[in-house]
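Heavy atoms only: backbone and side chains are in, while hydrogens, waters and symmetry mates are out. Counting starts at 1 for both ligands and their atoms, following the listed order.
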Amino acid sequence: MIRYEELCMKTCEVARQAGAFIRQEAGVFSAQKVEEKGIHNFVSYVDKGAEQLIVEQLHILLPEAGFIAEEGTAGFRGKRFNWVIDPLDGTTNFIHGLPPYAVSIGLTENDRSIMGVVYEVTLDECFYAWQGGGAYLNGKPIRTSDRSAVKDALIATGFPYCDYHLMRPYIDCLEYFLRHSHGVRRLGSAAADLAYVACGRFEAFYEYALSPWDVAGGVLILQEAGGKLSDFSGNDNYIFGKEIVAANHLVFNEFLTIVQKYLQP
Ligand code: 2AM
Ligand code: CA
């Protein structure tokens with residue numbers, strides 16, 4: 001039987017170790033080391049080295065689990081359990097020496113997240129949760145905020161950077177929120193965005209063209225902290241479906257209705 005609390009604490013240790021490697025490399029990193037693996041999609045030896053370290057250690061922690069990892073370090077996919085890993089979420093920020101950037105690790109069982117760890121490297125903040133166990137930041141329980149209306153909400157999003165097919169409706173939706181909320185922020189790390197909704201810094205977050213590894217760590221942290229999630233259709237395909245709406249439970253319905261007005265196909 002898997003003891004999830006213990007596994008989660010050990011996974012936090014792995015994320016912190018990878019974070020220490022990333023922090024050490026941040027001090028000596030040169031832009032010449034960056035490769036472009038797709039349009040505006042960057043990677044370096046830091047992403048790959050951190051992923052290798054994470055994969056090796058997680059394999060020891062739970063040998064029956066497979067891997068879905070951004071840099072493709074581990075090939076095999078598990079039948080029931082999978083670690084879904086972004087070794088460095090916010091690579092563009094990292095390259096420019098700008099916070100936040102994070103190690104994101106989710107554990108899925110039959111494609112649903114059952115454990116999540118987001119370690120934001122620059123502030124040394126480890127967010128984590130396991131199913132039914134609550135959500136925590138550096139050992140302290142966290143909850144979503146109690147703001148209940150979009151007009152009082154601070155909203156996080158990610159700008160389209162390679163898939164522009166929803167650019168026009170995205171900009172129209174952004175304009176709505178700029179006019180009718182406390183403001184919109186674009187931090188550059190979906191993992192941090194989800195963790196920050198979970199601890200009440202933001203009320204809501206939406207983005208499209210995301211990958212499973214960008215969100216698989218953060219989604220359970222948000223749920224366990226009292227938040228709600230869906231894809232743009234209001235369904236629950238938000239890990240593999242490439243689009244996400246996330247908010248505290250009080251503002252979620254109003255927020256989703258607005259996002260759908262602009263972005264639902
Ligand atoms: P990554 O840094 O791990 O690639 C924010 O928009 C999300 O999109 C991040 O989680 C980020 O994950 C991903 N992303 C990939 N390339 C990006 C880019 N050029 N600019 C912004 N975000 C990017
Ligand atoms: Ca990454």
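- Each of the following atoms of ligand 1 lies closer than 4.0 Å to a heavy atom of E70: 3 (O), 4 (O).
- Nearest N/O/S atom of E70 with respect to the Ca ion (ligand 2) is recorded as OE1.
- Checked against the 6.0 Å centroid criterion, the rings of F177 and Y206 qualify as a close aromatic pair.
- Scanning the protein heavy atoms around atom 13 (C) of ligand 1, the nearest turns out to be Y161 OH, 3.5 Å.
- Here the protein heavy atom with the shortest distance to atom 19 (N) of ligand 1 is H40 O, 2.4 Å.
- With a 4.0 Å heavy-atom cut-off, ligand 1 is reached by the side chain of D214 but not by its N, CA, C or O.
- Residue D89 does not count as close to the Ca ion (ligand 2), with no N, O or S atom under 3.0 Å.
- By the rule that hydrophobic residues join a cluster once side-chain heavy atoms approach within less than 4.5 Å of another member, M115 and Y136 end up as members of one cluster.
- The distance criterion of under 3.5 Å between nitrogen or oxygen atoms is not met by G188 with respect to ligand 1.
- If you check which protein heavy atom lies closest to atom 21 (C) of ligand 1, you get R186 NH2, 3.3 Å.
- Residue-level proximity to ligand 1 for L88 is carried by the backbone, the only part with a heavy atom below 4.0 angstrom.
- Each of the following atoms of ligand 1 lies closer than 4.0 Å to a heavy atom of G90: 1 (P), 2 (O), 3 (O), 12 (O).
- For atom 6 (O) of ligand 1, the closest heavy atom belonging to the protein is E207 OE2, 2.5 Å.
- In this structure, the protein non-hydrogen atom closest to atom 10 (O) of ligand 1 is D89 OD1, 2.6 Å.
- At least one N, O or S atom of L88 sits under 3.0 Å from the Ca ion (ligand 2).
- The N, O or S atom of D86 with the smallest distance to the Ca ion (ligand 2) is OD1.
- Taking a cutoff of 4.0 Å between a charged side-chain nitrogen and a carboxylate oxygen, E71 and K37 qualify as a salt bridge.
- The shortest contact between atom 3 (O) of ligand 1 and any protein heavy atom is with D86 OD2, 2.7 Å.
- Between D231 and K242 there is no salt bridge, since none of the side-chain N atoms of the basic residue sits less than 4.0 Å from a carboxylate O of the acidic one.
- Between R112 and D236 there is a salt bridge, since a side-chain N of the basic residue sits under 4.0 Å from a carboxylate O of the acidic one.
- Proximity of E71 to ligand 1, defined as any heavy-atom pair under 4.0 Å, is not found for any part of the residue.
- Note on K33 versus E25: no salt bridge recorded, every NZ/NE/NH1/NH2 to OD/OE distance being 4.0 Å or above.
- Contact of the Y128 side chain with the T11 side chain is not registered, since no non-hydrogen atoms from C-beta on lie closer than 4.5 Å.
- Residue F67 is grouped with residue V103 when hydrophobic side chains (ILVMFWY) are merged at heavy-atom distances under 4.5 angstrom, including chains of intermediate members.
- Residue T91 touches ligand 1 through backbone and side chain together, judged by heavy-atom distances below 4.0 Å.
- Between E109 and R80, at least one side-chain nitrogen of the basic residue sits less than 4.0 Å from a carboxylate oxygen of the acidic one, meeting the salt-bridge criterion.
- Atoms of ligand 1 lying under 4.0 Å from any heavy atom of A190, numbered from 1 in the order shown and given with element: 9 (C), 10 (O).
- We find that D111 and K79 are not joined by a salt bridge, their nearest charged nitrogen and carboxylate oxygen being 4.0 Å or further apart.
- Neither Y170 nor F205 shares a network with the other; the hydrophobic side chains, linked directly or stepwise wherever heavy atoms of I, L, V, M, F, W or Y lie under 4.5 Å apart, form separate groups for each.
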